[in-house]
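Presented below is the structure to which this report refers.
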Amino acid sequence: MRIPILKLHEYLLITIQVELDDQTALQFQEDLLNKIHDTGAKGVVIDLTSVDMIDSFIAKVLGDVVRMSKLMGAQVVLTGIQPAVAITLIDLGISMREVPTALDLEQGLDKLRLELEG
Amino acid sequence: MNIQSCVEVCNEWDIVSARQLGRNMAKELGFGNVDQARITTAISELARNIYLYAGNGKICIEAAEKMGKRGLKIIATDNGPGIKDIRKVMEDGYTTSGGLGAGLPGVKRLMDEFMIDSVVGSGTEIIATKWLR
């Protein structure tokens, strides 16, 4: 299964709407880095509004892809983390402290715009 | 009467099946969506431990009852190498896999009751229960 990555001006938009298995998550990591490389995108929003569970593996894959993208020169923001997911992640002991987040897609794009232009 | 549903865990896709089974049962038993997420995540972590450390095993889920309380019980069993030092794996931050899996302390925090029984050379059984509030 592949997660679609949309290009919007200099941004890439991804909304994860499938139950993430390990392979899909790792494939997405690779696809996103290739897409950043091909498009020269400066900012990426990964929207997690429809994701109802993030375990330690998915958290690691997401945290890693944020750092990998940064290495390439693109800024990633995770948006739309559900209350139940936030509670569960903290219970698990995963803070994702260094990962930029925003409430929703709109605020995520605002955050990117501020960082890239400001 | 207690109906138990089980998923054999021997590959990555079985982890997804196990957590889907857990979410469905949690929903049926009347858990709210935060506890559904906790239960599903706990199952995912336990299934991943089986896959990573034992190669294969089983996740069983059943309705639990104790002193008028109702809940959901997860039973994770494998015939893997077992855990030498249980106290150590229950410490936060302990890992032998280089950071995959939040480990058992995380699962314990997600659930209300947590029991672990492991025999080196013959396997591990973990029973974790969440009670309806």
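A, B, ... follow the sequence lines: proteins, then strands. Residue 1 opens every chain. Here the structure is a predicted model, which means the values were calculated and not measured.
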* Is there a donor-acceptor pair under 3.5 Å between the side chain of A/N34 and the backbone N or O of A/E30? -> yes

* **Check: A/Q82 side chain, A/T49 main-chain N or O, donor-acceptor pair, under 3.5 Å** =>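 Here the side-chain-to-backbone pair exists.
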
* Can you list the steps and then say if B/S44 with B/R19 is a side-chain hydrogen bond (donor to acceptor under 3.5 Å, both in side chains)? -> CA-CA 6 Å; B/S44 198; B/R19 67 193 189 212; 3.0 Å; yes

* Which portion of A/I58 sits near chain B, non-hydrogen atoms under 4.5 angstrom ->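 Side chain only.
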
* Asked: By a 4.5 Å heavy-atom criterion (distance strictly below it), what part of B/Q20 contacts chain A: side chain, backbone, both, or neither?
  ->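 Answer is side chain: those atoms of B/Q20 sit under 4.5 Å from chain A.
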
* Do A/D21 and A/T24 pass the side-chain hydrogen bond (donor to acceptor under 3.5 Å, both in side chains) test, and can you show the C-alpha distance, the side-chain angles, and the key distance before you say yes or no? -> CA-CA 5 Å; A/D21 61 71; A/T24 307; 2.9 Å; yes

* Interface residues of residues 114-133 of chain B facing chain A - heavy atom cut-off under 4.5 Å -> none

* **Test: A/D38 and A/K35 ion pair at under 4.0 Å** =>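 No.
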
* To do: Sequence neighbours left out, what passes side-chain hydrogen bond (donor to acceptor under 3.5 Å, both in side chains) with A/Q27? Give chain and number order.
  =>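 In terms of side-chain hydrogen bond (donor to acceptor under 3.5 Å, both in side chains), with neighbours along the sequence ignored, A/Q27 is linked to A/D31.
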
* Asked: Any side-chain donor-acceptor pair under 3.5 Å between B/E45 and A/S56?
  ->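 There is such a pair (donor and acceptor under 3.5 Å, judged by atom type) between the side chains of B/E45 and A/S56.
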
